[in-house]
Amino acid sequence: MEHFPIFVSLAKARVLVSGGGEPALAKLRLLLKTPAAITVFAEGAAPEIAGWAAAGKLSLESRRPEAADFNGVTLAYAAEEDAGEAARTAALARAAGVMVNVVDNLEASAFITPAIVDRDPVTIAIGTEGAAPVLARALKADLEARLPATLGPLARVGKAFRKLAEALPHGRTRRDFWSDYYGSEGPRAFAEQGAAGAEAALHDLLARHSAQASRPGHVAFVGAGPGDPDLLTLKARRALDEADVVIHDRLVTPAILDLARREALMIDVGKEGFGPSTSQEQINALLVEHGASGAQVVRLKSGDSTVFGRLDEEIDACDAAGIGWHIVPGITAASAAVAAIGQSLTRRGRNASVRFLTGHDVAGFADHDWAALARPGEVAAIYMGKKAARFVQGRLLMHGADRATPVTVIENASRPDQRVLASTLATLPADLAEAEMNGPALTFLGLAPRAAALTLPALQKELA
Ligand code: SAH
């Protein structure tokens, strides 16, 4: 982020615009929405500019700006059509320590003007640092279409009510009040009765929220899915949006953590450095501590929290402390991984059941019903299976499994760095060692990638 977005107050500020043609006009149309005192320097300014000057909306000087003109100026625009003139103005501005924008010259500009969606007092600024103006325009068009025109007036009514809203306890109660206003009650009342209706709605909401005993603390066990934020459920997104505290594992991707409410306290309990990870007892204690303090806690686990997630221990801790909880299901790694190879987990005539196994558990490599798993057509999704590959291979071969049984390892399923390794029981440990997979990986016993899924060049490479 080379350009840092801020909103500059132009309430008592002076803005200097040099140039009188179309580039200057474009900036002036925006600047005239602000209370800034604007001075335009131009010989032979466009008639609109002369008109604005005559109407007292700005002052017009029919000459080039000089050094002294920059005294006390907050922002300057070098909007001359002649590049040499613009460079001269920019140099004067810089010498005076004034932030300058040189129209259509990113490198020479101290600041740039973003694409703007105006729902005053709500203003959305979109910038791409000059990389993709087309994208900025598309985003702007999208937001323009999506945001109701009443957003501005609603926000103005809301702003005037802020003092009264301070009667509500700070924090969640007040946030809920505002989210009810902007999310539902306000727009409805405004549509029916305009600004007066919106204000009446605020009074009603204030009464309701004051009366409401504050919500007790609660823990939502939320499945974050395999990593792609688009694979979050709507419920998961909503829970993240409302969370006071988010307690997450190491495997939850940054793109997903970014979706949490900005004010939420984020606690990483998967970090190395606490030992291999924060102990289960510490996690339970954190859940209880925050739940008991009245917080809306999101316990965010990768995939689905009911799959190899030690969920029951955390539920027991909540129950013992009398803290309410619920589970929001997520897409487990096996579902994402099987999608990546274009197969199904079960298939008529091949396997009527599928097992989810863990390669190792707290006691080391995990033991399973190897005789059953060794039968032809069996399908198993092995979680945490990389280190256990040789152990699993040995056990299966010992129980008579076919050496040619397909085995597929999917690393970083659903993520941009997803990789697929197609192997067989005979070659699995060697293939895995060669592939050097460092990300989370799911191993399928009894499944090969479907040929059609391999038309992707990346996958072909993996198989070569
Ligand atoms: N609750 C999680 C599993 C937790 S155990 C779920 O439902 O998916 C952690 C293991 O899950 C990892 O060792 C790996 O085997 C698997 N895993 C998690 N995310 C994965 C991903 N994006 N791609 C492949 N495997 C993944």
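Start at 1 and go down the list; that is how both ligands and their atoms are numbered.
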Quiz prompt | Heavy atom of the protein closest to atom 7 (O) of ligand 1 (residue, atom name, distance) | solution = Thr332 OG1, 2.6 Å
Quiz item: Just checking, any donor-acceptor pair under 3.5 angstrom between side chains of Thr332 and Tyr383?
Solution: yes
Quiz item: Closest non-hydrogen protein atom to atom 22 (N) of ligand 1, residue and atom name please, with distance?
Solution: Pro226 O, 2.8 Å
Practice problem: Give yes if a backbone or side-chain nitrogen or oxygen of Asp304 is under 3.5 Å from a nitrogen or oxygen of ligand 1, and no if not. | Solution: yes
Practice problem: Could you establish whether Lys301 and ligand 1 come within less than 4.0 Å of each other, counting only heavy atoms on the residue side? | Solution: no
Quiz item: Is the His3-Phe111 ring centre distance short of 6.0 angstrom?
Solution: no
Exercise. May I ask you to identify, for Ile410, whether its side chain, its backbone, both or neither come under 4.0 Å of ligand 1 on a heavy-atom basis?
Key: backbone
Exercise. Of the side chain and backbone of Thr443, name the one, both, or neither that has a heavy atom under 4.0 Å from an atom of ligand 1.
Key: neither
Practice problem: Considering heavy atoms of the protein only, find what lies nearest to atom 21 (C) of ligand 1 and give residue, atom and distance to 0.1 Å. | Solution: Ala413 N, 3.6 Å
Quiz item: Less than 4.5 Å apart, any side-chain heavy atom of Arg450 and any of Gln343?
Solution: yes
Quiz item: Judging by distance only, is a nitrogen or oxygen of Val307 under 3.5 angstrom from one on ligand 1?
Solution: yes
Quiz prompt | Distance-only side-chain donor-acceptor flag, Ser423 / Asp431, under 3.5 Å | solution = yes
Exercise. State whether the shortest distance between N or O atoms of Ser302 and N or O atoms of ligand 1 falls below 3.5 angstrom.
Key: yes
Quiz item: Going by atom types alone, do Thr427 and Thr424 pair a side-chain donor with an acceptor below 3.5 Å?
Solution: yes
Quiz prompt | Within-cut-off N or O pair, Gly309 and ligand 1, under 3.5 Å | solution = no
Quiz item: Would you call Asp369 and Arg355 a side-chain contact if the rule is heavy atoms closer than 4.5 Å?
Solution: yes
Quiz item: Hey, looking at atom 15 (O) of ligand 1, which of Gly439, Ala333, Ala441 has the closest heavy atom?
Solution: Ala441
